[in-house]
Amino acid sequence: MATFPSARYYRDTYRNWAQIFKIMSVLWLVLAIFMTLPLMVLVIEKDPDAPAFAVSLLIILSATFTTWVLTRHVSLELKPWQMFILTAGSWTSISCFASLPLILGAPQLSFTNAVFESVSAITTTGSTVLVGIENLSDGLKLWRGLMQWMGGIGIIVMGIAILPFLKVGGMRLFHTESSDWSDKVMPRTGGIAKATLIVYAALTLIAILSYWLGGMLPLDAIVHGMTSLSTGGFANSDASFGAYADQPWLLWMGSFFMLSGALPFVLYIRFIRSSRSALWKDQQVRGLLKLLLAAIVILSVWRVLQGDDWFVSLTHVTFNVISVVTTTGYASDDYTLWGSLPIAAFFYLTFVGGCSGSTSGGMKIFRFQIAMLMLRNQLRYLIHANGVFTTRFNQQPVTSDISRSVVAFSFFFFITIAVLALGLAALGLDLITALTGAATAVANVGPGLGDIIGPAGNFATLPDTAKWLLCIGMLMGRLEILTVVVLMTPMFWRR
């Protein structure tokens, strides 16, 4: 005899989903607040894109208000499984809402292209389908930069700051989309959120002022300041940062600020509050700097041996290596023309990423470091079968939970790239485009390799289905794979 769910089951189901949408409505409100900035610019300039932003803002506010009214009486006591749905749902819905000005505005992108551009922005990937970026309205240029600034850390930090007021443990949300397992440097989640946001905003302001004093136009300085610290990579020119290739001081500034965004923000707080050596003592930071130094030296020597000027070579190699490793995705030059060694090197560097707890994507340097420690221990066991060895990272023992997490993430990271590359190849893309497109999407880097999606190209000519596959890859990469994969398992929904 068939049994039907009880009334209590339906009440619990409604309450569980209402809690999720209530918090999402707060994040939509944050998005709407930021959207008012480019709208004001367009209104002041009397630009024809202003109505597109006004209508988009009205749609978002309507959805926010309706959702809040329907869920306002629901108390918030989220369970861990709800956090996973909230994380994936927030990023997906915010990307869709953020695409509205691109659909309604001057570019009049198709729904697929608009969503691709906004997903790329919110996930700080930096891949673009736009051609003639220089001709966009100032409001749309600013909006592209703001989306990446929010995606870098702004929305996460605001979520951490807002959720405690709604009686939700905001740090749990942060952990579902960040690999940061560093010690807390402040006792309250709200304090961490506030301090992180202040540091992020301060560094962004310094970057903006530096670019402006270095010769950029005010709007270009604002957008590049936001997209450098967010390690996003959107620029106001089709040539990316190559528009300033003849101004080396700007390339060196860009290198510094991209690297700043790829370092753990919790260490900035610790540096300011107590320890002046916090950054250098961190094993992640040292590992990242050593990797960058090695890659820069090797590729600079390569270019000099090819007959290039040493300072020009050092400048462009430094900029592009840091851009790829930090998953920013700027390009000051078409490095696929440098030769076979640089092409192979940049492909490998695509997977690295910056530090845990930063705005960059990719594997994160600490996973490679822990993997090397695990490999070293395994070699020790082969020699001393009965030995007892302790693996330590940053003066702390690496527990079995962390080791399992590294192995699981690494496995799913490369499996995701492999499956995505197969899907792209099935759509008729060549091997280089399919493989590097999948890698750059999941690692949130931006440009791939080859003539189509390389640093001198873009993603506009790819089939719509390929763009949707890449959107999935970008979101999975930004949410660190497992947050999305767990939603695909039957046991998650059976609970």
- Kindly state whether the ring of Phe351 and the ring of Phe368 have centres lying under 6.0 angstrom apart. no
- Message: Test of understanding: with side-chain hydrogen bond (donor to acceptor under 3.5 Å, both in side chains), list the residues that count as partners of Ser405, not counting sequence neighbours.
- Response: none
- The side-chain contact (heavy atoms from CB on, under 4.5 Å) partners of Thr231 (sequence neighbours excluded) come to Thr326, Thr327, Thr328, Thr359, Ser360
- Query: Counting only N and O atoms by type, is there a donor-acceptor contact under 3.5 Å from the side chain of Thr489 to the main-chain atoms of Val486?
  - Reply: yes
- Task: List for me each residue that meets side-chain contact (heavy atoms from CB on, under 4.5 Å) alongside Ser237, sequence neighbours excluded, and say none if there are none.
- Result: Glu134, Ala239, Ala243
- Note on the structure: What one should report as the nearest heavy-atom pair of Met253 and Gly214 is CE-CA, 4.1 Å
- In terms of side-chain heavy atoms, does Trp28 have a donor or acceptor partner in Ser93 at a distance below 3.5 Å? yes
- Task: Check the angle between the aromatic planes of Trp17 and Trp81 and answer parallel, tilted or perpendicular using the 30° and 60° thresholds.
- Result: perpendicular
- Note on the structure: By side-chain contact (heavy atoms from CB on, under 4.5 Å), Val41 pairs with (sequence neighbours left out) Glu45, Asp138, Leu142
- Message: Whether Arg367 and Glu480 form a salt bridge (side-chain N of Lys/Arg under 4.0 Å from carboxylate O of Asp/Glu) is what I want to check.
- Response: yes
- Message: Check this for me: Phe97, atom CZ, are more than 12 non-hydrogen atoms of other residues, nucleotides or ligands nearer than 6.0 Å?
- Response: yes
- Item | CH2 (Trp212) with more than 12 external heavy atoms under 6.0 Å | no
- Look at the side chain of Lys467 and the backbone N and O of Asn113, then say whether any donor-acceptor pair between them is shorter than 3.5 Å. no
- Query: With under 30° as parallel and over 60° as perpendicular, where do the rings of Phe241 and His224 fit, or are they tilted in between?
  - Reply: perpendicular
- Query: Yes or no on ring pair (Phe, Tyr, Trp, His ring centres under 6.0 Å) for Phe265 and Tyr268, after CA distance, side-chain angles and deciding distance?
  - Reply: CA-CA 5 Å; Phe265 277 78; Tyr268 288 125; 5.4 Å; yes
- Do any N or O atoms from the side chain of Arg72 and from the backbone of Val69 form a donor-acceptor pair under 3.5 angstrom? yes
- Message: Can you list everything that forms a salt bridge (charged side-chain N to carboxylate O under 4.0 Å, His left out) with Arg404? Sequence neighbours excluded, please.
- Response: Asp401
- Taken in chain and number order and not counting sequence neighbours, the residues that satisfy side-chain contact (heavy atoms from CB on, under 4.5 Å) with Ala32 are Leu57, Ile60, Leu61
- Message: For a quick check under 3.5 Å, do Asn320 and Ser323 share a side-chain donor-acceptor pair by atom type?
- Response: no
- Check the side chains of Thr112 and Ser110 for a donor-acceptor pair under 3.5 angstrom, ignoring hydrogens and angles. no
- Query: Regarding Thr227 and Trp149, is there a side-chain donor-to-acceptor distance under 3.5 Å anywhere?
  - Reply: no
- Kindly say whether Ala331 contributes a backbone atom to a donor-acceptor pair with the side chain of Ser240 at under 3.5 angstrom? yes
- Item | Sidechain-backbone polar pair: Thr92 side chain, Gly89 backbone, donor-acceptor under 3.5 Å | no
- Message: Testing the 3.5 Å rule here: is there a donor-acceptor pair between the side chains of Tyr200 and Ser230?
- Response: no
- Shortest non-hydrogen separation from Ala460 to Asn458 and the atoms involved: N-OD1, 3.0 Å
- Item | Test item: side-chain donor near acceptor, Tyr330 and Ser228, under 3.5 Å | yes
- Does a donor on one side chain sit under 3.5 Å from an acceptor on the other, for Glu117 and Thr128? yes
